[in-house]
Amino acid sequence: MACLAYQCPDVRVTVVDISEARVQAWNSDKLPLYEPGLLDIVKECRGKNLFFSTDAKTVLSQADLIFVCVNTPTKLQGVGAGKAATFGFWEAAARLIAASCQGCGPKIVAEKSTVPVKTAQAMSRVLSGCQDGAKTQFEIISNPEFMSAGTAIQDCLKPDRVLIGGADTQEGHAAVESLARLYRRWVPAERVLTMNLWSTELAKMAANAFLAQRISSINAISALCEETGADVQQVSHAIGTDSRIGPRFLMAGCGFGGPALQKHVLNLVYICESLGLPAIAQYWQHVVDMNDWIKGRFVRRVISSMFNTIKGKRIAVLGFAYKAHTTDTRDTAAIDICRGLLLDGAHLAVYDPKVSPEQIHLDMQLPKGAMEHPRYQQTTVSLATVDVARTAQEACRGAHGVCVLTEWPEFRSLDFQQIYASMMKPAFLFDGRNMLDHDEMRSIGFVVYGLGKSLDPFITQASGGREGRGRGRVPTLEEVDVAELGGPEEAATLRAHLVRLSMQEEQRGEREAARAVAEEAWEREHERQASGGGAGPSGGAAGSAEAGAGAVAGGGAGGNGRGAGGEVSGAAGEGRAGPGGGEGTGSQAQGRREEG
Ligand SMILES: NC(=O)C1=CN([C@@H]2O[C@H](COP(=O)(O)OP(=O)(O)OC[C@H]3O[C@@H](n4cnc5c(N)ncnc54)[C@H](O)[C@@H]3O)[C@@H](O)[C@H]2O)C=CC1
Ligand SMILES: O=C(O)[C@H]1O[C@H](OP(=O)(O)OP(=O)(O)OC[C@H]2O[C@@H](n3ccc(=O)[nH]c3=O)[C@H](O)[C@@H]2O)[C@H](O)[C@@H](O)[C@@H]1O
């Protein structure tokens, strides 16, 4: 909405949110979320043609075009739990629009939120069904958003494409065209695509599913690389130079996260199940399963490399956000990986340049994926062994190993010499994003694990072989080739460590038990899948909506795209802390709060 206001100074854009705190933050210099460049744009337009308000009735009744950008989180219980989208916010938004616009002139309502195909139909029914006085004519169109966190401003100012879908009627075409005209002011005409409503709704979800599928595919190849000596970055480069495939979204990593990819693949799975397409549902489910597997594999690699026990060992975690340049931690791979390490008894020291300590503690406290994965709710971890550090150096001090989980650029310029010197030896480095110079790290003295790269001989030996063969065995003193350590001092440290280990024989049972719990947690889902478990299908795709609370985002785009100042309003939000928000657990409420 800020970019719309920025590009169309004659259009009045008002963002309506039911959260007073958020509106206050939007009206201050401390925005409720961190997004590079956003504060500048907001400051440029705020008070001129960009406003933030909680007065839904006034704003919505005056708007010509209303964007609905409320959160659409995954259902936590009931039919479709863990997969279907919750419609509480949506329905509440629709009801708010209907109530606020009673007896007004015709209005265009544009879906901006990512919604299951056929949602416009449900929206239309709510809007027309709950006005008891003079009826307002609403034309529903779909205009999904494709921006990514961290690059949102650029994505909005220079989008690959804009999609607008509408009903195949004269009114539908006119509504689509009025919004298209607005976009064409800054987006080249050939990039403004218009089509039917259902294609637009489905295209958004399918686009995210394809992105997730690419990542899972390259992650699957990364495991094969480790087993064969191929290098995943070279393979990905080779694949990406094929113009039919293209280079983007082929970065292997320790799992994709964020508020969108997994959620939308699971929404798709649910829709397919609901429509009686189990083979298609299974196909997409595998994309998420592979993502879970790759996170579990990373944890197992850490454990097996460190002599099959991390109990009581300090492990530094660099990066907690689901990607760089955001404070968002929703579904971040870091949560699952940290939980895996904690379940095996590690002591974690987490550092993220932008995510607050409160948020990290909240995320770790939540039963795993309570927001999006009810299936893991049984697993709990103790927070007593999670420290949040103020700097990367602090996190690494005294650590046995470092895991890089988010590709924050600042990690590249850390003083790894100093970090190495401050760590226990042998010092392990697990690069879950392949962002560091591994040769340089090895020359400093680290034992390095790069995802999808040839394994360090040290790691191969420590884990008793590659993952597929002999994983889970503690090496004997004789089996560890100390020459690989790079010097007699480190060899002596390792020797002492292994001697200590062998003296702790009585604790072996406890270690085994901890490992079994971890293994069980990571593999439970796969077993469930194999035995045909999972939420049963039911209901129609869009019809699976759940009633509840909601939010509206209104946006009246200026004068139906004819230029002179219309009014727009809009809200934004995703399943967290939505005031009035049925299932948007408060636990994630702070997720994206940061200074702009
Ligand atoms: N954030 C992103 O990068 C993208 C988000 N989307 C989609 O946009 C939608 C919103 O996402 P976010 O902005 O991330 O969510 P968010 O959770 O950050 O913001 C949602 C806002 O809606 C407000 N809200 C809820 N019910 C309301 C009501 N009845 N009236 C007024 N306000 C209400 C909440 O208070 C909250 O501030 C989702 O469907 C998401 O999938 C799509 C593409 C990119
Ligand atoms: O619907 C949405 O909300 C948005 O979802 C994604 O955007 P986002 O989730 O913000 O971030 P991505 O850049 O897609 O990254 C998602 C995850 O995939 C991981 N990733 C990405 C790319 C890659 O090559 N490898 C990889 O592991 C990232 O680290 C991150 O954890 C889509 O890219 C946007 O187009 C879409 O608008």
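In each ligand, atom 1 is the first atom listed, and ligand 1 is the first ligand listed. One is the number of the first residue; the rest follow in order along the sequence.
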**OP:** Could you check which of A152, G257, G258, A321 puts a non-hydrogen atom nearest to atom 16 (C) of ligand 2?
**Re:** G257
**OP:** Please confirm whether R301 makes a cation-pi placement over F430, using NZ or CZ under 6.0 Å from the six-membered ring centre and within 45° of the ring normal.
**Re:** no
Subject >> Identified side chain to side chain contact (heavy atoms under 4.5 Å, CB included) counterpart of F146 within the set V162, N208, T114, L163 >> reply: L163
Subject >> Per-atom contacts, ligand 2 versus L211 - under 4.0 Å to a heavy atom >> reply: 32 (C), 33 (O)
Subject >> Among L250, I294, L261, the one residue meeting side chain to side chain contact (heavy atoms under 4.5 Å, CB included) with I215 >> reply: L261
Original post:
Counting heavy atoms not belonging to Y6, are there more than 12 under 6.0 Å from its OH?
Top reply: no
Subject >> Per atom 15 (O) of ligand 2, closest listed option by heavy atom (R433, K323, H264, M147) >> reply: K323
Original post:
For atom 1 (O) of ligand 2, what's the nearest protein heavy atom and its distance?
Top reply: K204 NZ, 2.7 Å
Original post:
Which of the numbered atoms in ligand 2 are below 4.0 angstrom from a heavy atom of A149?
Top reply: 10 (O)
Original post:
Do R300 and R297 have side chains that get closer than 4.5 Å, going by heavy atoms?
Top reply: yes
Original post:
For ligand 2, which atoms, with element, lie under 4.0 Å from some heavy atom of L250?
Top reply: 24 (O)
Original post:
Should S356 and Q359 count as side-chain neighbours, where that means a heavy-atom distance under 4.5 Å?
Top reply: yes
Original post:
Do F320 and C338 touch side chain to side chain, with heavy atoms closer than 4.5 Å?
Top reply: yes
**OP:** Please write down residue, atom name and distance for the protein heavy atom closest to atom 32 (C) of ligand 2.
**Re:** N208 OD1, 3.6 Å
Original post:
Is it true that D29 and R46 have a side-chain N and a carboxylate O under 4.0 angstrom from each other?
Top reply: yes
**OP:** State, yes or no, whether a side-chain contact exists between C403 and V302 at a heavy-atom distance under 4.5 Å.
**Re:** yes
**OP:** Using a strict cut-off of 4.0 Å, indicate which atoms of ligand 1 neighbour a heavy atom of S19.
**Re:** 35 (O)
**OP:** Would you check the N or O atoms of K204, main chain and side chain alike, for any that come under 3.5 Å of an N or O of ligand 1?
**Re:** no
Original post:
Should the pair D292-K295 be classified as a salt bridge under the 4.0 Å nitrogen-to-oxygen rule?
Top reply: yes
Subject >> N/O separation below 3.5 Å, I215 to ligand 2 >> reply: no
Original post:
Does L261 approach ligand 2 within less than 4.0 angstrom via side chain, backbone, both or neither, non-hydrogen atoms only?
Top reply: side chain
Original post:
So between F249, F146, Y322, whose heavy atom ends up nearest atom 28 (C) of ligand 2?
Top reply: Y322
**OP:** Taking only heavy atoms of A260 into account, list the atoms of ligand 2 that are under 4.0 Å away from them.
**Re:** 1 (O), 2 (C), 3 (O), 4 (C), 5 (O)
Subject >> pair K107-I66: side-chain heavy atoms closer than 4.5 Å >> reply: yes
Original post:
Would you say ligand 1 has an N or O under 3.5 Å from any N or O of K112?
Top reply: no
Subject >> Spacing of OG1 belonging to T406 relative to NZ belonging to K323, to within rounding of 0.5 Å >> reply: 11.5 Å
Original post:
Does G255, backbone or side chain, put an N or O under 3.5 Å from an N or O of ligand 2?
Top reply: no
Subject >> Which residue and heavy atom of the protein sit nearest atom 7 (O) of ligand 2, plus the separation >> reply: S148 OG, 3.2 Å
**OP:** Enumerate the atoms of ligand 2 whose separation from the nearest heavy atom of E145 is less than 4.0 angstrom.
**Re:** 37 (O)
**OP:** Answer yes or no for G253: is there a heavy-atom contact with ligand 2 below 4.0 Å?
**Re:** no
Original post:
Is the closest N or O pair between R22 and ligand 1 shorter than 3.5 Å?
Top reply: yes
Subject >> Protein heavy atom at shortest distance from atom 24 (O) of ligand 2 >> reply: M251 N, 2.9 Å
Subject >> ligand 1-proximal atoms of C69, by part, heavy-atom distance under 4.0 Å >> reply: backbone
**OP:** Answer yes or no: is there a side-chain heavy-atom contact under 4.5 Å between M195 and T200?
**Re:** yes
**OP:** May I ask you to check whether T114 has an N/O atom sitting below 3.5 Å from an N/O atom of ligand 2?
**Re:** no
Original post:
Going through the distances and angles, do K354 and E410 end up as a salt bridge (Lys or Arg N to Asp or Glu O under 4.0 Å)?
Top reply: CA-CA 11 Å; K354 286 283 180 202; E410 70 169 64; over 6 Å; no
Subject >> T114, D155, T151, I97: member with heavy atom nearest to atom 7 (C) of ligand 1 >> reply: T114
